[in-house]
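In what follows, a single structure is set out as C-alpha cells and then discussed.
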Amino acid sequence: MMIEWIHPTTFFFIAAFLLPFLKEPARRFVQWVAPLLAFLSLMTVTEGTFGTVSIMGMPVVFGRVDRLSLLFGYVFTISTFIGMIYALHVRQTGEIMTMFFYAGAALGAVFSGDLLTLFLFWEIMAFSSVFLVFYAGPQAKAAGMRYLMIHILGGICLFVGTTLYVAQENHVIAFSAIPMTGLGPALILTGVLINAAAVPLHAWLSDAYPSATITGAVFMSAFTTKTSVYILIRSFAGVEVLIIIGIVMALYGAIYAMIENDIRRILAYGIISQVGYMVAGVGIGSDLALNGASAHAFSHILYKGLLMMAMGCVIFMTGRRKLTELGGLYKSAPTLFVLYLIGALSIAGVPFFSGFVSKSMIISAAGESHRTDIYLLLTLVSSGTFLYTGLRLPYYVFFGEKTSGPIIDPPANMIYAMVLSAIACTVIGLFPGLLYQALPFPVAYRPYTVEHIVSALQLLFLTAAVFFLLKKYLEPKKSISLDLDCLYRKSAPLFSYIVHKPLAQYEGWVTQAYQSVLIAPAKKISQWAWSLDTLVVDGLVNATGFLTLLESRVSAVFDVHVVDGAVNGVSTVLDHSSKKLRQFQTGLIQNYVLAMVGGVAVLATFFVIQFL
Amino acid sequence: MTKLKIGFCVALVLLLIVDFFIHKGHAAFEAESIPGFYAIFGLLATLLIIGVSKILGYLFIMKKEDFYDD
C-alpha cells in the first residue's frame, strides 16, 4: 500500500517525542524542519478524505482535506515555523515539546472529519497549551490553573453537546454543518465560543496569555481562538446570534485595550476584538462573509504573531511589561519599532498591509447584506484598533518621555522570525490574490479601489490626528483592569465562608451517618478478613517461602562446587597463559621490528619452498 | 517633527479634496457618498472610543494593581 498523505500532525508529534533525546544542533534542526515538512505535505496533498478508521462501528476520519481545512493548515504550519524560529534560543526542551503538541493538536482539529476526533485534539490542545503558562514560572501558576479550569468547562460542554447531538442525529458523527436544533448543538456552540473567547466567556484569554512565557504567548495567540473560528465557519455559518456576539467582542476588546497597562494584555484584548470580526462574519453567513472570516483568521494569525513577538522582545530586552514603566525604546531598537509598526499597520487595516484585504471583506459583506449597523460598528472598531495598537501602544513603548532602563540585546533568531512575519504581512497586503485563491469560496471581491483606499486613509488619518491632539489625556495609568475573571478570582472569601459554615455542618452530619451505617459494619468485615488472612493466606505464603529457601540451598551447593569450579578452572588457565604471553610484550620497537623482519623472512622462505 | 506634522496635514487635505472627485459606486448607504464622510466618521469614532473607555475605566474597570493580592 502506498502512503497517500502524511498528516501534518504526525511531523509535530514525532518532533515532540524526538526532542528530549537530541543534542543541541540536531535539536534546533528538528525544531524548524518539522513545521517545514508539515507545510510541504500540505502543499502536495490533493483534496479528499484520508485516514478513515472504524471505531466501534463509527467512521473516524483523521484527514478531511478540503479548501477550508487546507487554508487553516497552511497558516498553522507557517506560523509554527515562524514561532519555532522565534524560539530557537529556548533551552527548556519541555516548552518546545509543548509547542509541538499544541500546534500539532490544532492541526489535528482542523483536519478532523468527525466530532470524536475533533474532541480528542481539542483536549490535547487545552492540556498542552496550559504548560506554556506554567513554564513562565511560579507566579503564572494561578493564571494557568484558571485557564485550565475554563477549558475543562469548555471541553465538557463540547463533549456533552456532541453526545446529545450524535444521539439525536441517529449516530451521525460527521463534523460538518450543525443545525441549531435542541440542546446538543447549543452546548457544542457554547463550548466553541468559550475557546473563541466570546464575551462574556472571554476572561481566560486576557488572564492567561500575558502570563505565558515570551515564546509561549506567540503560539497561544495563533491557535486556540482560530481553531474555534474554523469550527464556527464549518458548523455554524449563518447563525444570527453570532453577529451580535461578534460585535460585542469587537467593541469590548477595543475598549479594554484602550484602558489596559500591560503591553501583552493590550494585544490579548486585541485578539478578542479581532476574533469578534470573524465571529460576526460567520454570523452574516454569506459566501463573501465566510471568505472574509477565513481570510481574516489567516492574516490575523500572522500579524498578531508579529505583534506578540515584538512585545515579547521588549519584555526580553527590558524585563518590563507595563506601559507606565516603558518608553524611549526607539533609540536603542529602531528595527524592532519598524517590525512592530508593520504588524500594527496590518491589524489597523492600512492599505497595502494584510489586515486591509481581509477585514474589509467582512465589512463589505455586512454592507452587501444591508446591515448598515454592523457595517458602521465594525468600521468604528477599525478606528479603535488603529488607536490602541497603532498609536497608543507603540507611542508609549518606543517614544514618550520615560526611559526603559538597561537593555539586553535579543538573540538574532527572534529578529529573523519577526522579519519573516513582516514579509508575510506585506506580501498578503500587496498581492491579495495569493490569499484569495486559497479561500473556501470563489472570490470576486476587489479590495483596491480608489474609493476604498481613500475612505480607509481618511478614517485612519483622523484617528491619528485625534490621538496626537489628546495625547496628554491618554497617558497610561498604573492600574489593572477589572474583567469578568473577578467572578472566580475575587469570590474566594465568599466561597470559603460557604465551605466553613454550612458545608462543615453538613459534613458533620454526613460523617455521623457514615460512621453508623458504613464504617461499623466495615470494621466487622475487616476483622473477619484479618483472621482469614493470618490463618490461611499467611500459612500458604510461609509454606511457599520455606520451599523457596530449600531450593535455593540446593542450588547454592551446586553453584559453589560445579559452576564456580568450572569458572575458576577457566580463569586459572587464562591467568597462566597470559603470564607467558606477557613476556612477548617488551614495548621496545626494535624487538617488534625484529619480530616483523623474522616473520617476513619465514613467509619468504615458505614461498620460495613452494616455487621450487 | 514639524516637517512630519506639515506632511500629515497636506496628505489629509489631499485626501479630502480627492474625495470630491471619486465616483462612489459601492456605497452601502446614502451618507457614505458625502465627500469626507470617513474623515468625519473617524473623528467621531475616535472621540467616542476615547470617551467611553475613559468613563468606563474610571467608573468600573481600572483597579489598583494589588486588587487581587489578599
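Order of the sequence lines sets the chain letters (A, B, ...), proteins ahead of strands, with each chain counted from 1.
For the options A:I453, A:I255, A:T463, A:L251, heavy-atom pairs under 4.5 Å to chain B are most numerous at A:T463. In terms of non-hydrogen atom pairs under 4.5 Å with chain A, the most contact-rich of B:L14, B:D19, B:L47, B:L16 is B:D19.
Residue A:Q458 comes nearest to B:G36 through the heavy atom pair OE1-CA, 3.5 Å, listed as atom of the first residue, atom of the second, then distance. Annotation for B:Y68 and A:D483: closest pair OH-O, 4.2 Å, computed over non-hydrogen atoms. Nearest heavy-atom pair across B:G42 and A:S383 is O-OG, 4.1 Å. Here the closest non-hydrogen pair linking A:V454 and B:L15 is CG1-O, 3.8 Å.
Only the side chain of B:Y58 comes within contact range of chain A, with at least one heavy atom under 4.5 Å from a heavy atom of that chain. Of the atoms belonging to B:L48, it is side-chain heavy atoms, and not backbone ones, that fall under 4.5 Å from chain A. Only the backbone of B:K64 has a heavy atom closer than 4.5 Å to any heavy atom of chain A. For A:D485, the parts lying under 4.5 angstrom from a heavy atom of chain B are both the backbone and the side chain. Contact of A:A465 with chain B is made through backbone and side chain together, with heavy-atom distances under 4.5 Å. Residue A:L387 touches chain B through its side chain alone, counting heavy-atom pairs closer than 4.5 Å. Heavy atoms closer than 4.5 Å to chain A are found in the side chain of B:I22, but not in its backbone. In this structure, the portion of B:F60 lying under 4.5 Å from any heavy atom of chain A is its backbone and not its side chain.
At most 12 heavy atoms of other shown residues, nucleotides or ligands fall within 6.0 angstrom of atom NZ in A:K141. The local environment of NZ in A:K478 is sparse, with at most 12 non-hydrogen atoms from other residues, nucleotides or ligands closer than 6.0 Å. Under a cut-off of 6.0 angstrom, the local environment of CE in A:M149 is crowded, with over 12 non-hydrogen atoms contributed by other residues, nucleotides or ligands. Few gaps surround CD on A:Q139; more than 12 heavy atoms of other groups in view lie less than 6.0 Å from it. Counting non-hydrogen atoms of other residues, nucleotides and ligands closer than 6.0 Å to CZ of B:F37 gives a total above 12.
B:K63 contributes atom NZ, which lies 9.0 Å from atom SG of A:C486 (distance to the nearest 0.5 angstrom). Here the CD1 atom belonging to B:I61 is positioned 4.0 Å from the OH atom belonging to A:Y256, to the nearest 0.5 angstrom. Here the straight-line distance linking atom CG of A:L462 with atom OG1 of B:T46 works out to 7.0 Å at 0.5 Å rounding. Here the CD atom belonging to B:E65 is positioned 7.5 Å from the CD1 atom belonging to A:I480, to the nearest 0.5 angstrom. A distance of 12.5 Å separates CD1 in B:I49 from CZ in A:F386, rounded to the nearest 0.5 Å. Distance check: B:S33 OG to A:E451 CD gives 9.0 Å after rounding to the nearest 0.5 Å.
Interface with chain B: from residues 373-382 of chain A, residues A:Y375, A:L376, A:T379, A:L380 qualify, criterion being any non-hydrogen pair under 4.5 Å.
A donor-acceptor contact shorter than 3.5 Å links the side chain of B:K54 to the backbone of A:Y473.
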